Structures are given as structure tokens and as C-alpha cells.
Amino acid sequence: MKNYEKPIVLSNEDIAEGIYAASGAVDSSGAGASGSTASVSKVTLSSSGNEYYKVNTYEVTVKNSGSEDLTGWAASVTVTSGTVTAVTSYNTWLATAEYAGSVITIRPGNGGTIIGAGQEISVTLAVSYSSDAVAVEGV
């Protein structure tokens with residue numbers, strides 16, 4: 001059985017704006033879940049918040065670059081700057097999102113989303129923040 005290794009989370013309030021795409025479901029050998037890996041291949045800012053409505057919307061593409069379907073996958077993006085207060089997935093049937101420290105973790109949705117071998121899914125995230133702004137860096 002393969003084990004998920006939780007990423008290290010470092011909190012830093014001094015940085016401003018950004019989400020950086022990071023790794024996902026990885027076993028102790030580094031080969032990935034079921035011999036495959038889920039990773040964030042693209043992060044795109046869909047809409048920006050303002051000083052009154054501090055919510056940015058991002059389209060995050062999660063890709064299975066392996067040769068087997070992924071069921072218990074996880075992928076994450078890292079907040080590189082700004083202060084995030086909450087994260088919500090608009091399409092919870094497809095994927096859910098949770099926030100801890102500077103890492104947003106995306107997991108299968110309520111229906112147990114499977115990412116087929118070589119396939120990708122697009123997840124819409126609403127990221128609320130309390131800083132002046134938040135920006136996104138893709139992979």
C-alpha cells in the first residue's frame with residue numbers, strides 16, 4: 001500500500017500575492033499514487049477581487065501524467081504571497097479544496113472523481129483574502 005506524504009507548510013505573513021502550483025499524491029518511493037502522479041499543470045486567474053470584495057477566482061488544471069487511473073488523488077497549490085482567509089471549490093461534485101497554512105489542497109469531489117490515465121480536470125477555486133491583493137503564479 002502506498003502512503004500519501006503531506007507537504008510541509010510554512011506560514012509567512014510578510015509575503016504578498018500569489019499561489020504557486022506544487023505537488024500532489026506521492027508515495028514514499030516518490031513514484032506516485034498507483035504508479036501515477038496528479039499534479040497541477042496550470043493555474044489561471046479568472047476574476048480579481050477588489051478592495052470591497054476580496055475574492056479571486058482561479059481555474060486550476062489537475063493532470064494525471066501517469067499510465068493508470070487515479071482515484072484517491074490529491075494535488076496542491078501554494079500561496080506564495082498574500083493572506084488567504086478561505087477557499088471554496090465552485091464544482092464540489094468534481095473536487096473539494098481545503099486551506100492550511102500556505103497550502104491549498106485539492107481532492108476528489110463528492111462523487112469520488114477519477115482522473116483517467118493521461119487526462120486532466122479543471123477545478124474552479126474561489127480564494128478569499130484579507131491582504132491588499134493576491135496574485136497567482138502558474139507552474
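Just so you know, these numbers come straight off a predicted model, no measurement behind them.
A heavy-atom distance below 4.5 Å is found between the side chains of T96 and N110. For the pair I104/L125, a side-chain contact is recorded, criterion being any heavy-atom separation below 4.5 Å from C-beta on.
The nearest pair of heavy atoms linking A38 to A75 is O-CB, 4.5 Å. The minimum heavy-atom distance between Y129 and V127, with the atom names listed, is CD2-O, 3.7 Å. Of all heavy-atom pairs spanning A74 and T105, the tightest one is CB-CG2, 4.4 Å. When every heavy atom of G109 is checked against every heavy atom of T113, the shortest pair comes out as N-OG1, 3.7 Å. Closest of all the heavy-atom pairs between I106 and A95 is CG2-CB, 3.8 Å. When all heavy atoms of E59 and S122 are compared, the pair lying nearest together is OE1-OG, 3.0 Å.
Remark: side-chain polar atoms of W73 are not paired, donor with acceptor, to backbone N or O of N64 under 3.5 angstrom. In this structure, Y53 contributes its side chain and V55 its backbone to no donor-acceptor pair below 3.5 Å. Between the side chain of N56 and the main chain of G49, a donor-acceptor pair closer than 3.5 Å is present. A distance-only check finds no donor-acceptor pair linking the side chain of K63 to the backbone of Q119 [under 3.5 Å]. In this structure a side-chain-to-backbone donor-acceptor pair under 3.5 Å is missing from T71 to I114.
With hydrogens and angles left out, the side-chain atoms of T57 and S46 include no donor and acceptor closer than 3.5 Å. If you check the side chains of E120 and T61, you find no donor sitting under 3.5 Å from an acceptor.
Residues meeting the side chain to side chain donor-acceptor pair (under 3.5 Å) test with S89, sequence neighbours left out: N91. Under the rule for a salt bridge (Lys or Arg N to Asp or Glu O under 4.0 Å), the partners of E98 that lie at least two apart in sequence or sit in another chain are R107.
Atom CD1 of I115 sits about 4.0 Å away from atom CD1 of I121, to the nearest 0.5 Å. Summarising the geometry, atom NZ belonging to K54 is positioned 11.0 Å from atom OG belonging to S128; distances are rounded to the nearest 0.5 Å.
Clustering of Ile, Leu, Val, Met, Phe, Trp and Tyr side chains at separations under 4.5 Å leaves Y90 isolated, with no partner residue.
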For this session: Test side chain to side chain contact (heavy atoms under 4.5 Å, CB included) on V79 and Y99 and set out the steps.
Result: CA-CA 10 Å; V79 178; Y99 176 72; 3.8 Å; yes
